[in-house]
Amino acid sequence: SRSVVNYSCKRITYHTSLPFSEVRARLDRALNKSEASIQASKVLYETKTKAEFESGLTALLAGRDFIFLAELVHHPWVRTYTESPDIPQAVVYTLGNPFFGQSVLRRAMWMGLHVPEKLLLLEDPDGNGTTIIYDEPADIIPVP
């Protein structure tokens with residue numbers, strides 16, 4: 001069987017004159033990317049107890065609301081395929097807080113389509129700024 005559900009959400013866009021590299025560096029620091037990129041998968045997939053999970057995740061969050069979970073860098077492969085070296089830099093970040101994520105997913109596992117949250121960093125075509133784009137989480141994720 002097949003079903004179709006229409007829904008709407010707000011797409012939030014911020015623009016800054018800061019260069020892409022600076023915005024990316026700030027986001028990396030804010031999301032604890034240097035540590036989370038190494039440790040998050042260990043905490044998420046290798047811990048054996050709830051206490052071990054909570055301890056590891058609390059250490060990674062270190063007071064933050066979200067941590068870095070993954071990224072997909074689009075511009076290198078698009079540049080190669082299109083043979084266009086002028087394609088702006090574009091990186092999709094996957095960020096989240098598994099403490100929040102589990103409370104959503106245990107109620108509605110289909111929300112794994114939206115949890116964890118994604119955010120796009122997009123370099124301006126002229127290289128003189130950066131756009132940050134994400135979908136409003138409150139519009140697509142039921143709050144527990």
Side-chain angles (χ1 to χ4, degrees), residues 2-47 50 52-144:
R2 177 176 184 249
S3 65
V4 177
V5 176
N6 290 318
Y7 67 94
S8 64
C9 76
K10 292 181 229 38
R11 177 147 298 154
I12 311 299
T13 302
Y14 290 100
H15 183 267
T16 176
S17 59
L18 291 172
F20 183 89
S21 60
E22 177 64 23
V23 174
R24 189 170 187 191
R26 289 182 186 193
L27 185 59
D28 289 351
R29 283 190 303 274
L31 296 175
N32 195 18
K33 182 181 176 185
S34 62
E35 187 174 344
S37 63
I38 298 165
Q39 298 299 324
S41 63
K42 290 180 183 177
V43 171
L44 293 172
Y45 305 116
E46 296 177 17
T47 54
K50 182 178 181 178
E52 189 180 11
F53 181 92
E54 288 177 345
S55 173
L57 185 56
T58 299
L60 276 179
L61 285 166
R64 295 170 176 85
D65 292 328
F66 299 99
I67 55 170
F68 173 89
L69 296 171
E71 70 181 10
L72 181 57
V73 183
H74 286 305
H75 58 277
W77 69 266
V78 175
R79 287 174 180 170
T80 298
Y81 186 77
T82 62
E83 298 178 332
S84 300
D86 58 341
I87 297 292
Q89 296 183 80
V91 179
V92 176
Y93 277 74
T94 301
L95 55 122
N97 182 330
F99 288 135
F100 174 75
Q102 64 79 28
S103 66
V104 171
L105 294 175
R106 70 179 170 178
R107 289 175 176 80
M109 193 56 87
W110 63 267
M111 287 307 304
L113 288 169
H114 305 287
V115 173
E117 178 71 18
K118 286 149 195 79
L119 176 146
L120 173 67
L121 290 186
L122 182 60
E123 181 182 37
D124 288 358
D126 63 8
N128 291 323
T130 306
T131 301
I132 303 159
I133 305 167
Y134 64 94
D135 291 337
E136 175 61 57
D139 288 350
I140 52 178
I141 299 172
V143 177

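Just so you know, these numbers come straight off a predicted model, no measurement behind them.
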First locate atom [atom1] of [X], then atom [atom2] of [Y], and finally report the distance between them rounded to the nearest 0.5 Å.
X    : Y   : atom1 : atom2 : result
Y81  : I87 : OH    : CD1   : 13.0 Å
L121 : T16 : CG    : OG1   : 11.0 Å
E136 : S8  : CD    : OG    : 12.0 Å

Is there a donor-acceptor contact under 3.5 Å from the side chain of [X] to the main chain of [Y]?
X   : Y    : answer
S84 : T82  : yes
N97 : F66  : no
R11 : D135 : no
S55 : E52  : no

If I compare all heavy atoms of [X] with all of [Y], which pair ends up nearest, and what's the gap?
X    : Y    : result
A36  : F68  : CB-O, 3.4 Å
L95  : P116 : O-CB, 3.3 Å
R64  : L60  : NH1-O, 4.0 Å
V73  : H75  : CG1-CE1, 3.3 Å
T130 : P19  : OG1-C, 3.3 Å
E123 : P88  : O-CB, 3.2 Å

Take F53 and V43 through the test side-chain contact (heavy atoms from CB on, under 4.5 Å) and record every step on the way to the result.
CA-CA 6 Å; F53 181 92; V43 171; 4.1 Å; yes
Given side chains that start at C-beta, do those of [X] and [Y] come closer than 4.5 Å, heavy atoms only?
X    : Y    : value
L113 : I140 : no
L27  : L119 : yes
E54  : F99  : yes
Y7   : D139 : no
I67  : L57  : yes
R24  : K33  : yes
Q102 : L105 : no
T13  : I132 : no

Would you please test T131 and Y14 for side-chain contact (heavy atoms from CB on, under 4.5 Å) and show each step?
CA-CA 6 Å; T131 301; Y14 290 100; over 6 Å; no
Any salt bridge between K118 and E71, counting N to O under 4.0 Å?
no
Can you check side-chain contact (heavy atoms from CB on, under 4.5 Å) on M111 and R106, steps first, answer last?
CA-CA 9 Å; M111 287 307 304; R106 70 179 170 178; over 6 Å; no
Will you find, in the side chains of D124 and H15, an N or O donor that is under 3.5 Å from an N or O acceptor?
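There is such a pair between these side chains.
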Check the pair L72, V91 against side-chain contact (heavy atoms from CB on, under 4.5 Å), reporting the backbone distance first and the verdict last.
CA-CA 6 Å; L72 181 57; V91 179; over 6 Å; no
